[in-house]
Amino acid sequence: MTGDGTTGAVPVAAGEEATWSGAWVERRLGVELRGTRLRETLGLALRRNPRRAHLLVSRVLGKHIPQSPRLVLSTGTGLGARVREVLGADAGRAVVLGYAETATALGHCVADGIGDVPCLHSTRRPAPGVAPAGGFEEEHSHATSHLLLPADPELLAGDGPLVLVDDELSTGRTVRNTIETLHRHRPRRRYVVAALSDLRTPQDAGELDKAAAELGASVEVVALATGRVTLPPGVLARGTALVSGHPEPAPGPAGDPACAHRVRLGWPDALPDGGRHGFTPAHRRRLERALPAMAGRLAAALPEGARRVLVLGTEELMYVPLRLAAALEDLLGDTARVRFSSSTRSPVLPVDDPGYAIRTRLAFPAHDAPPDGPGPRYAYNVAGGGWDAIAVITDTAGDTPALHAPDGLLARLAAHTPRLLLATVPSASPGLPAPLRGPGFSSYAAPEAGWLLQDLSGVTLEAPTEEREEAIQSGGAHYAESLPVEYQPSAAYQRLFHQALETSARRIAEAVATVTETVLAERGPRPVLASLARAGTPVGILMRRWARHAHGLELPHYAVSIVRGRGIDTTALRWLAAHHEPGDVVFVDGWTGKGAITRELAAALEPFPGFDPALAVLADPGGCVTTYGTREDFLIPSACLNSTVSGLISRTVLRADLVGPDDFHGAKFYRELASADLSGHFLDAVTAHFPEVTPRPPDAPAGREPTWEGLRAVREISDAYGIGDANLVKPGVGETTRVLLRRVPWRVLARPGAGAELDHVRLLAEQRGVPVEETDTLPYNCVGLIHPHYTRAATGADGKAVR
């Protein structure tokens, strides 16, 4: 290895070394490279591929050989500048198409060099809901099939020039396949092929010209280096024999993948992670604005005095890691030597010889669930580099248990650096549905909440309680498959709501401030709020308002569905992961009872390791969470009403005939209740107290550990009253209110001295004919008991009727 962790010669920036990194193959196979700049920009290695024996290894691409990101970036943008000169007046109308996986970053860089033009790269990863705009084969590649999956089908629909970008132009066959496929659907008059090296024979060039003439189009080629690769007779057989004579190297040592330190980059909302589904000039500008801060977060995670740093992209994800590496290189200056490279699916023989381009290899299983099945992946020339730190940049689709496995990429890298960093950027998922926002869905203002739900307002889902529960009990149906009829409060009950709001608004404001400040302190300055619809949604909006009031922050806020017995909406999780860093997502709810949703959320997120299952709540009387505004059991007025204090949105619905595997869970928007809507009034009444409240200092970490006091009390009550099922015991003011509004209540237990806190509970109990019993052994102000024998409207932990 050379002094900077690269193999053979340091590329153009430092001049050639005495030993060319293709000499080993040249001597043994007789393969020759001749032409302008070829030997200074390319090395040679041997493929494990029956179609082609040799591999041209670029020393300026940043794929197989760690390289200065500035050099990689300037090489690609320099190629783009040459393309701009060739295009002339057509430059502004161009679209750039890069080839996966090697030229994904190069395609982006060429687009950057041309100017304000969009780019796309081919991919081997299908996307649900995105129709391919084309596809083609790359015959000599290890993985031959390419897909074109623009999120906007119009990206390739114009008649401006199409610029096709690859690292090398060997025969031109792949380019011909691509042009012929696209031209059949969207003919255009001009194509430009951009490559780092053009190695075609005159016959190859003639075939491309002939194909262009038959299509009635022009094809121009721009390359930084030109020349020929001369292959002697029988080179494929000789190369195969040479490879087989070198046994497969052992996997090598593995470290502890758990040592990887996760870095939260602060990825901009809804910014694609690259050109897999299209990358526009607007995307590029947003990325460039965010790069300094993201590079700063990477730099802050480096060990003190780090001198040798590798930023490693993963397969097709190369452009964003390259830009991060370049920004980090600019930030650190001469204090550190930053290098960039990427993992790959291409199998290459490693030979530890100065005259060979691939000196070392790390092998590990694929970690992004590839559509062509599991298989090995590789990182070349990383082992033995003496790295003080390695930063792995992957997307959420690649941040899987396989990445963190004992034989995964992180474990392999951990053996070669004392400091391993992991940063995950959200995978672009254009096939996912978009969030719903007011006023089209909900009475909340559009910026206050994005509902990760589908609108089922046109579907009849309500039924009277008895009729609905009869269906649930007779067929074992799930409670989330239908909706109860919305409770319409009497005038007396509405007066109680307003009295309760007047009494408790300041108390709620203080709890909102406390829980929000705790979240900001624990989860960083830019958390993404994901409230559990619907009770958590007003709390999420209030937390968002506090962050803006106290810190000038505009926090993203979404509402997601979680269903007891069925878990969280996985399509909503995929959407969040596609648009934000999962580690930044904070799940929010209104209050805890006995911790059923807390446990449900933790179980539902186990298959999604990037998300933190910790729940933030306004009130935690059950002692179930560590992040809360208060642990007192007091009336949160939003618990008094249903949709009319929750943006006019129903409880969420999950039914197989309405919700497909790639759909959000459903809900209804009760527009007809607009005259009774108090959603905005509730929020504004609490927000009005923000200027006068001070967040209560959160309890010390040891004092915030869950006590599960509420769950123990519930079990004791269940035994004492002979109920036999803790699911029929609903602790706390909020849950008791829900029992009286939606269930078949049996009795209410109240703590003596609760006073006006329970006025609305007493009124509802009187209306339902339910006795209220006082007991001084409760950890809550009150507890609602569902009728243990007449169980219509009672549901257990699995969401089905208790029998």
Can you name the residues that form a side-chain contact (heavy atoms from CB on, under 4.5 Å) with Glu329, not counting sequence neighbours? Ser68, Pro69, Arg70, Val338, Arg339
Quick one: [atom1] on [X] to [atom2] on [Y], what's the gap to the nearest 0.5 Å?
{"X": "Asp395", "Y": "Thr314", "atom1": "CG", "atom2": "OG1", "value": "5.5 Å"}
{"X": "Arg526", "Y": "Leu265", "atom1": "CZ", "atom2": "CG", "value": "14.5 Å"}
{"X": "Arg345", "Y": "Tyr378", "atom1": "CZ", "atom2": "OH", "value": "10.5 Å"}

Do Leu236 and Leu231 have side-chain heavy atoms sitting under 4.5 Å apart?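 No - every pair of side-chain heavy atoms lies 4.5 Å or more apart.
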Any side-chain heavy-atom pair from Leu224 and Thr41 closer than 4.5 angstrom? no
Going by the side-chain hydrogen bond (donor to acceptor under 3.5 Å, both in side chains) test, name the single residue among Arg124, Arg377, Arg125, His367 that passes it with Glu315.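 Checked Arg124, Arg377, Arg125, His367 against Glu315; only one passes side-chain hydrogen bond (donor to acceptor under 3.5 Å, both in side chains): Arg377.
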For [X] and [Y], work out which heavy atoms get closest and say how close.
{"X": "Arg176", "Y": "Ala211", "value": "CD-CB, 4.0 Å"}
{"X": "Ala217", "Y": "Tyr191", "value": "CB-CE1, 3.8 Å"}
{"X": "Asp273", "Y": "Leu317", "value": "O-CD1, 3.3 Å"}
{"X": "Ala111", "Y": "Val117", "value": "O-CG2, 3.7 Å"}

Ring centroid separation Phe279 to His108 under 6.0 Å: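 Ring centroids of Phe279 and His108 are less than 6.0 Å from each other.
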Under the 3.5 angstrom rule, does the side chain of Trp20 hit a backbone N or O of Leu42 as a donor-acceptor pair?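 Yes.
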When you measure from the side chain of Arg59 to the backbone of Arg39, do you find a donor-acceptor pair of N or O atoms at a distance under 3.5 Å?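 Yes; judged by distance alone, with no hydrogens or angles, the pair exists.
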Can [X] and [Y] be counted as an ion pair, charged N to O under 4.0 angstrom?
{"X": "Asp198", "Y": "Arg228", "result": "no"}
{"X": "Arg82", "Y": "Glu85", "result": "no"}
{"X": "Glu101", "Y": "Lys63", "result": "yes"}

Which residue pairs pass the salt bridge (Lys or Arg N to Asp or Glu O under 4.0 Å) test with at least one member in residues 278-296, sequence neighbours excluded? Asp112-Arg284, Asp116-Arg285, Glu288-Arg323
Residue pairs fulfilling salt bridge (Lys or Arg N to Asp or Glu O under 4.0 Å) with at least one residue in residues 149-163, sequence neighbours excluded: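 Pairs touching residues 149-163 that pass the test: Arg93-Asp159.
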Might you work through the side chain to side chain donor-acceptor pair (under 3.5 Å) test for Tyr380 and Ser346, ending with a clear yes or no? CA-CA 10 Å; Tyr380 296 115; Ser346 178; 5.6 Å; no
